[in-house]
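First the proteins, then the strands, lettered A, B, ... as listed; each starts at 1. None of these values were measured; they are calculated from a predicted model.
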Amino acid sequence: MSASPSTRSTIIVWFRDDLRLSDNPALAEAVGTDCPVLPVFIQETRPKTLRPLGGAAKWWLHGSLKKLGRDLEKAGSRLVLLDGDPSELLPRLADEAEAQAVYWNRRYHPKACAADARLKSALKEQGLDVQSFNGSLLVEPWDVQTGEGSFYRVYSPFARAARQILDPGSPLPAPKKINAPKHWPDGCALDDLKLRPTKPDWAGGLRETWAPGEAGARERLAAFLDERLPRYKTHRDSPADEATSALSPHLRFGEISPRTVWSACSARAEDTDDSSLRGSAEKFQSELLWREFAYHLLYHLPPLEEGNVQSKFDDFPWAKTGTALSAWKKGRTGYPIVDAGMRQLWQTGWLHNRVRMIVGSFLTKDLLIDWHVGEDWFWDTLVDADAANNPASWQWVAGSGADAAPYFRVFNPVLQSKKFDPDGTYLRTFLPELAELPDEHIHEPWKAPPDILKAAGVTLGETYPEPVVDHGSARKKALAAYEEIKGQAA
DNA sequence: TATATTTTGAG
DNA sequence: TCAAAATAT
């Protein structure tokens with residue numbers, strides 16, 4: 001039996017981390033019924049359910065919601081914005097709109113899952129059809145299991161299993177026309193969500209670097225495939241070479257689906273005889289699987305987010321935070337590769353993955369500061385800060401994670417700098433005060449002869465800091481600290 | 001996606 | 001003598 005659209009009642013599509021029209025399963029399913037569709041985004045003020053967004057992520061969300069609203073308008077629809085608790089707002093909205101159904105794409109944060117499950121049963125009791133979809137992952141956390149029927153704690157076997165069952169299929173097309181409800185409910189204005197920073201100049205570097213929204217995500221993907229993917233495998237670790245996709249914030253907000261990225265990448269690989277391009281595509285896809293692995297861990301291991309996966313790290317003798325921490329945040333540690341990274345983070349809201357590892361190792365091992373402190377800073381400053389990837393990566397660096405680098409893997413910031421930025425191009429981009437130093441001295445200016453420093457206009461302790469710690473002795477202290485917890489069970 | 005130190009062995 | 005390999009953390 002089919003009724004005409006006008007007699008069918010509305011389906012609410014609740015947008016969360018899926019701010020796109022293309023390949024959006026909840027939206028596609030709703031549009032496919034020919035019913036009126038009511039798209040809604042709710043700024044959730046439930047700190048017990050969701051961690052409040054950091055400053056950079058809020059800036060991004062503002063831009064992304066603006067674009068999503070416009071894209072919906074082009075399809076004859078709108079984005080209704082609400083501010084508050086979804087468990088109160090959605091039942092009320094469903095009543096007012098005389099909706100028959102609520103659809104959404106799933107999320108995987110344990111607290112958010114629980115809240116969504118409670119909301120689902122409440123809405124069902126209200127007589128609504130509630131359906132959830134997979135819009136954010138290639139492999140949902142329960143899709144892969146070890147031979148013993150549990151979840152994976154180690155990346156490689158997880159990735160192997162994921163590749164075996166992975167069948168991304170074709171991305172769903174964006175709906176051209178979305179039926180509007182008879183009446184649009186009141187929502188708030190985007191500016192009422194107060195997502196933009198109060199000091200506008202704070203976001204200058206973000207505006208120059210990024211184009212939030214689905215169109216920006218697609219452009220970034222196209223540019224990646226054409227210009228960066230061919231050299232991805234060989235250049236991905238070099239922060240000056242810009243060979244990485246920089247899709248992370250777009251994936252974080254769901255402006256593009258991992259299925260779209262994965263299948264576009266596969267198409268390039270299948271379309272070529274160039275074995276290095278195929279190798280690059282495979283390597284890049286394995287990085288997408290790290291994202292999947294982080295969500296797998298987040299779902300199955302609640303301590304991922306706030307505790308230590310290896311609980312012996314609860315007793316680790318972390319140092320008190322103080323001036324060294326603020327030097328790290330400001331990019332004034334005296335180690336150029338660390339400082340360049342921390343300034344890239346502050347200026348652009350993003351940091352190259354190699355440099356994330358270097359600054360993370362420096363904070364947790366050279367400064368002996370608890371990884372949670374670094375994770376909080378990243379949460380506030382990264383445009384791609386993500387409930388799964390951010391803590392999983394910090395626990396990996398700190399050595400407290402499920403499949404972590406062993407604690408004794410201490411990065412040497414000078415060796416890393418020389419190896420991955422040999423001619424100092426990356427350093428000079430973010431540390432103009434060192435730009436005139438010759439290549440052989442820019443990685444460790446404290447060792448440069450006085451006349452060379454003078455010629456380059458560098459005065460240590462004034463124009464650029466002396467190192468806040470000596471790496472050699474800091475490394476020994478870190479290994480000694482680790483000895484204190486080493487004997488304990490994981 | 002580690003590094004420092006020690007050992008080995010060719011020359 | 002020194003680079004490569006092995007080893008410890």
> Quick check with a 6.0 Å cut-off and a 45 degree axis cone: is Arg252(A) positioned over the face of Trp60(A)'s six-membered ring?
no
> Donor-acceptor pairs under 3.5 Å, side chain of residues 151-161 of chain A to any protein atom, not counting sequence neighbours: which ones?
unit_1	atom_1	unit_2	atom_2	d
Tyr152(A)	OH	Gln145(A)	O	3.1
Tyr155(A)	OH	Ser286(A)	O	2.7

> Please list every donor-acceptor pair under 3.5 Å in which a side-chain atom of residues 317-331 of chain A meets a protein atom from a residue at least two apart or in another chain.
unit_1	atom_1	unit_2	atom_2	d
Ser326(A)	OG	Thr323(A)	O	3.0
Trp328(A)	NE1	Val359(A)	O	3.2

> For every nucleotide of nucleotides 1-6 of chain B, 5' to 3': is a protein heavy atom under 4.0 Å from its base (B), only from its sugar-phosphate (S), or from neither (-)?
BBBS--
> Tell me whether Arg343(A) forms a cation-pi arrangement with Phe430(A), defined as NZ or CZ under 6.0 Å from the six-membered ring centre and within 45 degrees of its axis.
no
> Output yes when Arg428(A) and Asp421(A) qualify as a salt bridge under the 4.0 Å nitrogen-oxygen rule, no when they do not.
no
